[in-house]
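What follows is a short report on a single structure.
Computed from a prediction, not measured in an experiment: that's the story for all the values here. Convention: sequence-line order gives letters A, B, ...; per-chain numbering from 1.
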2 protein chains.
Amino acid sequence: MVSRKAKRIVDLSGALLERRVLHLKEAASLLNVSEMTVRRDVAEHPDQFGYLGGHIVPAADLDADVPYELARAADSHAAAKREACAHAAKHIGPGDTIFIDCGTTLLSLIDYVPESYSITAVCYALNVAEKLTRRSNTNVVMLGGLYYPSSASFSGASGLETLDHLGINTAFISAAGVDLNRGASCAHFHEAPVKQKVISLAQRSFLVVDSSKIGKLKAAFFAPMDAFSSLITEEGETDIAHAG
Amino acid sequence: MVSRKAKRIVDLSGALLERRVLHLKEAASLLNVSEMTVRRDVAEHPDQFGYLGGHIVPAADLDADVPYELARAADSHAAAKREACAHAAKHIGPGDTIFIDCGTTLLSLIDYVPESYSITAVCYALNVAEKLTRRSNTNVVMLGGLYYPSSASFSGASGLETLDHLGINTAFISAAGVDLNRGASCAHFHEAPVKQKVISLAQRSFLVVDSSKIGKLKAAFFAPMDAFSSLITEEGETDIAHAG
DNA sequence: TTTGGCTTGTTATGTTTATCACAAAATTGC
DNA sequence: GCAATTTTGTGATAAACATAACAAGCCAAA
């Protein structure tokens, strides 16, 4: 027979699947043990449970194991990125089909699109998809493929093929480096083919970065500046002269 | 100019993107205001923030706004589902490529695979993908397509094409209904083509359900019983007689 | 510049949570 | 069935958190 303790752990994680948060007191009465015992159970299984001031949560909700230097990237220039998104969102209209690149830069773009707009959003990053699916009035299209933790995104041949069936009005592309002469580059090679194909198919593309990226050049070059209608940063929008 | 308050809210949700949990004290010093102010900010934006005994979390982590009757389905028979997964996981070996179906049934399958096994997992549901990407030693392949909130999964022609490039050893398929004569069915039509193609390509397929599903029949029929090597429930494994 | 409304900080008080040590109860091995 | 070990409960104490009332500060319009 399985020890009482093991059964409690299973019961508790079961209850959490359903409730997402459980107060210590609830958990105790649910499991028919004292609060102290629940405390001990939770403390002994940090892999399964998180504990926040009297509340038990699934460990998954907390684990700062966010893939990607995402965790690291998210803090730096977070405010600038949000401002850049606010500018970029002005280019989105009702009924549009947009493409949202991976990374942290464009994560808040969707927050600046009025709830009333019904749009279709194409993405290939897990964190972006998650946000999009929470929004109503939004069709979400995901490009599949192999997962790359470095950018929390998927890519592969069939993801690229999916793009052939889509009509994208406006693509929002981000970059880890923007050199005003050479163009836009990113740190991970697997992202480049996706970005390039999107840029080639979309009616118009915008390059969205916080200004700290300007002047930098990363390993994977993916587009010259004149591939974009404009460069958008927290400071606003800069038209790109199409005269070579 | 934007009110100071509005900027704080944006900063706070930005910090949460990165940290997932923020202690009241940290938040206060981060925003350069008193704890009391942070309390008030959080209380005024229940849509964005959750608050658990001194800790601020993104509302999304708590909000029972889990898409799908997922929320509803998750509680019922949760223990049975986990037990079924424990049985099913015995069929996974190091180096395998497995397919994990959508729904809540197979969510805990991955928990029963030893950390030391390096595997490749193919999926098409957002909640499954999320769990898989948290695991080390795991290649994750996602089938893309249009998002269906009803099952938190993606499907479409190009997702199906992706399957052609994959060699799947073992497929774990779940169902909303299992009729021992007619076979397996699910509630959403978009899932059926994916399940069918996977079953046709995988070396072997297992049907994994909690026993409450047995005897039920849902709208979208997708496979006869003899398409599966065995039926796995919380009570264990039942070989399926291949004699018609 | 001054008024009035709104925002923020402070303080005080009560409640909840955290931790520890020890006792009681249950399990296990023999 | 008995002793050793583990698990669980209890109560005391300290720390952290919650809440409300009021004072001070900020901002905008007159």
Side-chain angles (χ1 to χ4, degrees), chain A residues 1-64 78-79 82-83 86 111 234, chain B residues 1-64 79 82-83 86 111:
Chain A
M1 165 157 174
V2 180
S3 78
R4 244 203 280 289
K5 195 186 226 171
K7 176 164 167 31
R8 279 204 312 271
I9 303 302
V10 173
D11 286 351
L12 185 56
S13 61
L16 275 180
L17 256 186
E18 165 190 3
R19 299 281 313 274
R20 308 217 65 174
V21 199
L22 215 52
H23 193 276
L24 192 60
K25 208 182 296 175
E26 299 176 87
S29 73
L30 200 73
L31 303 173
N32 278 308
V33 293
S34 70
E35 296 187 12
M36 193 62 229
T37 300
V38 179
R39 280 178 194 278
R40 289 194 264 241
D41 283 350
V42 168
E44 278 173 25
H45 296 268
D47 50 317
Q48 295 192 58
F49 309 118
Y51 185 73
L52 298 179
H55 305 260
I56 306 162
V57 297
D61 282 7
L62 300 181
D63 272 0
R82 277 192 302 279
E83 283 183 59
D111 296 331
E234 71 273 23
Chain B
M1 165 149 178
V2 186
S3 79
R4 241 202 285 287
K5 196 187 228 170
K7 175 165 168 29
R8 277 204 313 270
I9 303 302
V10 173
D11 285 351
L12 185 56
S13 61
L16 276 179
L17 259 185
E18 165 195 0
R19 297 284 310 274
R20 309 218 65 172
V21 198
L22 216 51
H23 193 276
L24 191 61
K25 208 182 297 175
E26 299 175 87
S29 73
L30 201 72
L31 303 174
N32 277 310
V33 292
S34 70
E35 295 186 13
M36 193 61 229
T37 300
V38 179
R39 280 176 194 278
R40 289 193 265 240
D41 283 350
V42 169
E44 277 173 25
H45 297 268
D47 50 317
Q48 296 192 57
F49 309 118
Y51 185 73
L52 299 178
H55 305 260
I56 306 162
V57 297
D61 281 5
L62 302 181
D63 268 3
R82 275 192 306 279
E83 283 183 59
D111 295 332

**Request:** Check each of B:L31, B:N32, B:T37 against B:S34 using the side chain to side chain contact (heavy atoms under 4.5 Å, CB included) test, and report the only one that passes.
**Result:** B:T37
**Item:** Length of the line joining A:L31:CG and D:dT7:P, which is rounded to integer Å
**Value:** 17 Å
**Item:** Straight-line distance of B:L24 CG to B:R39 CZ, nearest 0.5 Å
**Value:** 5.0 Å
**For B:L30, side chain to side chain contact (heavy atoms under 4.5 Å, CB included) partners two or more places apart** = B:A15, B:L22
**Fill in**
In B/S/- notation (B base, S sugar-phosphate only, - none; protein heavy atoms under 4.0 Å), nucleotides 8-23 of chain C written 5' to 3' is BBB------SBBB---
**Prompt:** What heavy-atom pair brings B:F49 and B:D41 nearest, and what distance separates the two atoms?
**Reply:** CD1-O, 4.5 Å
**Message:** With side-chain hydrogen bond (donor to acceptor under 3.5 Å, both in side chains) as the rule and sequence neighbours excluded, what pairs involving residues 22-31 of chain A come up?
**Reply:** A:R19-A:E26
**Fill in**
Heavy-atom nearest pair, A:I56 first then A:A27, reads CD1-CB, 3.7 Å
**Prompt:** Quick one: side chain to side chain donor-acceptor pair (under 3.5 Å) partners of B:E35, sequence neighbours excluded?
**Reply:** none
Enumerate all atom pairs, one protein N or O and one N or O from nucleotides 12-14 of chain D, separated by less than 3.5 Å.
none

**Message:** I need the A:Y51 OH to A:H45 NE2 distance, nearest 0.5 Å.
**Reply:** 15.5 Å
